[in-house]
A.B. asks: 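Okay, here's the structure, questions in a sec.
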Amino acid sequence: MKLTQLRGISEKREKDLNKLNINEAEDLLKWFPRGYLDLTQTVKLSECYHNDVVLVACRVSSPPQTVYNGRRSYVKVWCEQGGEQFSAIWFNAPYVKNNLKAGEEYLFYGRIQNRYGIGALSMVNPTFELREKNARLKGIVPVYALRGSLTQRCMRDAIAEALRRVPVKSAIPASLLEKYGISPLADAYRAIHAPASMAEINAAAERIALEEYFVLISAFRYIKGGKEDVRAFEYACTGKEVALFAERFPFSLTDGQKSAIGEIYKNLKSPYRMNRLLQGDVGSGKTAVALCGIFMALKSGHQAAFLAPTEVLAAQNYALVRRYLPEYRAAFLAGSTPAKEKRAIKERLASGELDVLCGTHAILQEDVQPRDLAFCVCDEQHRFGVAQRSALGEKSMGADMLVMSATPIPRTLSLIFYGDLDISEIKDKPRARAEIVTGIVPLHKYDDMLAYIGQEVRKGNQSYFVCPKIEEDEEGSLMSVTELYEELKNRLPFVRFALLHGKMKEKEKAEIMQAFKEKRTDCLVTTTVIEVGIDVPDATIMVIYNAERFGLSQLHQLRGRVGRGDKKSYCFLLLGSDSEEARERLNIIKQNTDGFKIAEYDLKMRGGGDFMGTRQSGKMFAQLKNLRYSAQAIFEAKKLADEAIVCADNAYLRAQALKKYESLQDVVLN
Ligand code: ADP
Ligand code: MG
């Protein structure tokens, strides 16, 4: 529908709206408010502070006066509420004088001024109306971003008109809407623009996000033409064999692990190639799932690869493969592997004398050519660069892929769109998981903390000390990891400290890690090298210096390094700067243990600029930025899209998806 078809929209107004990229009446509906005024409640003057934007009800105590201050004149009125004085003034609005009567009660809406904290509160140019009339200053009022000569009033009117006139139809087939009890899209648009309560807004935003993601994901589906990659490898291994294999673990699998393994198994037995993201919080036990997948390949007579972003992690995985799959021939390949050994490994891979290869991205080199690579696991995949990921895509031509991640970080999400991954989620955690207490340590408690750690070391518990990497152009207050290491050695001379940082050779790092695992050292002083995947059950304390410098998801990952055994564990956060914002962020970490939630906060706080991971998709994000980012909505949308594609009543979806795709094409595919 054309904008000018809406009542009250002139050609001039249309031009202004075009500047905001609002070109059709439908676009108006998607012009979500940037905020809301809550006029559902009045406040007491005695509870107001300078700069609060509030709605107050006051009785006008004396007739309004016109005041001239030597430069310009204004209207001023004195009011009273519960013994508090209040003055309101208006510039350039002489008519106000006639609209206010002494003795009557009015509602005033505006910013409270009380700059010096003394004297009466005042408002400049407040909006007001008779309290008993109360026709305008009520409810929740949306506030829109504007351009040109547009005003809030005309934007609200235009949108209200669009809500009345534009038919809203969900692209989700009616059969699915009904099946899942999804609320009508039109209601959500109405609630976003004209909410009855603040609570309604959230639900509406979720519903709209679900719709948008659904159309987006469907668009990619349709473009792929529903062609799934065809399976290249047959898996002869039976479910019973997998169950037997799982008995090798010293624990019984959680329900989440079981269902993830089940999904992988089903996928491998299907006619389609697996391209699956295994998503689970730190410590949810993704590795065991990966090992089961690898077993399915090996048992079926194929080769498998287990890829990790760092040598330390790769070595850890290699040790697990050796432990749980001892009957298969395994090798380890990383940057530090001596050339001669590398050559031998490559030859054995090519001839099929090796069954499983663990390693870092060294595996991705061109001359590594396994004979029968059927199954490929990529641990902590978000740590890999874009180029490495595409190399992996080529290398694994036809192989079944399992990528694992503990954080639904933006790039991972982009893969959901681009790579069209299937998703398995582990939502539970192994029982008997120790509690992790997170505390923000004030400076004056630092010494106590060190003393406490000293005691813990005497009890045989280990700790990590993590400090942020120092960028080249920084100096001053931040301590480098080497300085910290020296200082800690002085402070706690009986503790065996080890230093681990990114500048070290991979091999050296792996050795230091190994020593720590074997408890030949007590405390590891390090940068974020240890962020991912490291598993040391006796490590019970994590100290993070300058915690305000880390992303929330990163802190969560770091914290996940402790509490891995059955001992109660601690995460101590030290603040380098005591800003309000830093505190707020750390409180999120303190109060949340769900990695998903934390990632969402993280994204909201960072503004989601990296949503799609690559630069050129910035435009795409611009289209989505009005949407509430919600991992939940994305997962739900994806499931719906799976079902919708085979629905009989999906003609409308198809049309919408193709339209969406067209609008994205230039952005996404280049
Ligand atoms: P992540 O998902 O973070 O990669 P890991 O796979 O490293 O987690 O597992 C963390 C720890 O939990 C490991 O020590 C592992 O042996 C243990 N673990 C995994 N699954 C279970 C389970 N079902 N019951 C008890 N412990 C488990
Ligand atoms: Mg892991």
Side-chain angles (χ1 to χ4, degrees), residues 242-243 245-264 276-295 306-325 358-360 377-384 402-409 412 423-436 462 464 513 516-519 528-540 542 553-567 569 571 593-596 598-599:
V242 181
F245 169 73
E247 283 177 16
R248 296 185 190 180
F249 297 120
F251 42 73
S252 49
L253 296 170
T254 63
D255 289 345
Q257 285 171 316
K258 280 187 204 152
S259 67
I261 293 165
E263 282 163 8
I264 292 168
R276 182 169 294 275
L277 173 69
L278 175 61
Q279 180 106 40
D281 208 350
V282 273
S284 58
K286 293 186 287 297
T287 321
V289 175
L291 289 171
C292 288
I294 291 173
F295 171 78
F306 198 162
L307 196 66
T310 64
E311 198 154 332
V312 171
L313 254 184
Q316 183 176 286
N317 292 338
Y318 179 54
L320 290 172
V321 164
R322 299 259 304 246
R323 180 181 326 154
Y324 292 116
L325 295 157
C358 298
T360 60
V377 182
C378 183
D379 200 359
E380 306 290 348
Q381 60 83 29
H382 61 275
R383 282 298 205 99
F384 288 94
L402 180 68
V403 300
M404 308 202 291
S405 177
T407 345
I409 64 149
T412 313
I423 297 163
S424 292
E425 279 180 282
I426 307 182
K427 286 207 167 138
D428 48 5
K429 283 199 184 183
R431 267 168 288 111
R433 217 358 80 79
E435 186 195 357
I436 306 177
Q462 296 170 283
Y464 297 100
M513 234 17 258
F516 185 65
K517 266 190 149 175
E518 289 168 13
K519 282 182 97 165
T528 46
V529 210
I530 57 127
E531 184 188 332
V532 292
I534 295 298
D535 190 36
V536 181
D538 270 337
T540 57
M542 166 66 63
S553 294
Q554 223 178 356
L555 288 172
H556 179 64
Q557 284 281 327
L558 285 169
R559 177 171 59 184
R561 296 307 112 222
V562 296
R564 298 180 81 83
D566 46 12
K567 294 187 202 169
S569 300
C571 175
T593 51
D594 177 351
F596 259 100
I598 291 173

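As the structure lists them, so they are numbered: ligands from 1, and atoms in each ligand from 1. Keep in mind that what you see is a predicted model, and the values were worked out from it rather than measured.
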A.B. asks: Angle between ring planes, Phe245 versus Phe249, binned at 30° and 60°: parallel, tilted or perpendicular?
C.D. replies: perpendicular
A.B. asks: If you look at every heavy atom in Val562 and Ile436, which pair is closest and at what distance?
C.D. replies: O-CD1, 3.4 Å
A.B. asks: Could you tell me if any non-hydrogen atom of Gly560 lies under 4.0 Å from any atom of ligand 1?
C.D. replies: no
A.B. asks: Contact between Gly280 and ligand 1, counting heavy atoms under 4.0 Å?
C.D. replies: no
A.B. asks: Mind checking whether Met404 contacts ligand 1 via backbone (N, CA, C, O), side chain (CB onward), both or neither, at a 4.0 Å heavy-atom cut-off?
C.D. replies: neither
A.B. asks: Short list, please: which atoms of ligand 1 are under 4.0 Å from a heavy atom of Thr287?
C.D. replies: 4 (O), 5 (P), 6 (O), 7 (O)
A.B. asks: Test of understanding: with side-chain hydrogen bond (donor to acceptor under 3.5 Å, both in side chains), list the residues that count as partners of Gln257, not counting sequence neighbours.
C.D. replies: Thr254
A.B. asks: What is the minimum heavy-atom distance between Met542 and Leu558, and which atoms define it?
C.D. replies: CE-O, 3.2 Å
A.B. asks: With sequence neighbours excluded, what pairs up with Lys567 under the side-chain hydrogen bond (donor to acceptor under 3.5 Å, both in side chains) test?
C.D. replies: Asn461, Asp538
A.B. asks: Would you mind listing which atoms of ligand 1 come within a distance below 4.0 Å of any non-hydrogen atom of Leu253?
C.D. replies: 23 (N)
A.B. asks: Any atoms of ligand 1 less than 4.0 Å from a non-hydrogen atom of Thr254? List them with their elements.
C.D. replies: 23 (N)
A.B. asks: ring-ring contact (aromatic ring centres under 6.0 Å, His included) between Phe516 and Tyr464: does it pass, once the steps are laid out?
C.D. replies: CA-CA 10 Å; Phe516 185 65; Tyr464 297 100; 5.2 Å; yes
A.B. asks: Show which atoms of ligand 1 fall inside a sub-4.0 Å distance from at least one heavy-atom site of Gly283.
C.D. replies: 1 (P), 2 (O), 3 (O), 8 (O)
A.B. asks: Heavy atoms only, cut-off 4.0 Å: how does Ser252 contact ligand 1, side chain, backbone, both, or neither?
C.D. replies: backbone
A.B. asks: Tell me the closest heavy-atom pair linking Glu263 and Arg276, and the distance in Å.
C.D. replies: OE1-NH1, 3.7 Å
A.B. asks: Under 4.0 Å from a heavy atom of Asp281: which atoms of ligand 1 are those, numbered in the order shown and with their elements?
C.D. replies: 2 (O)
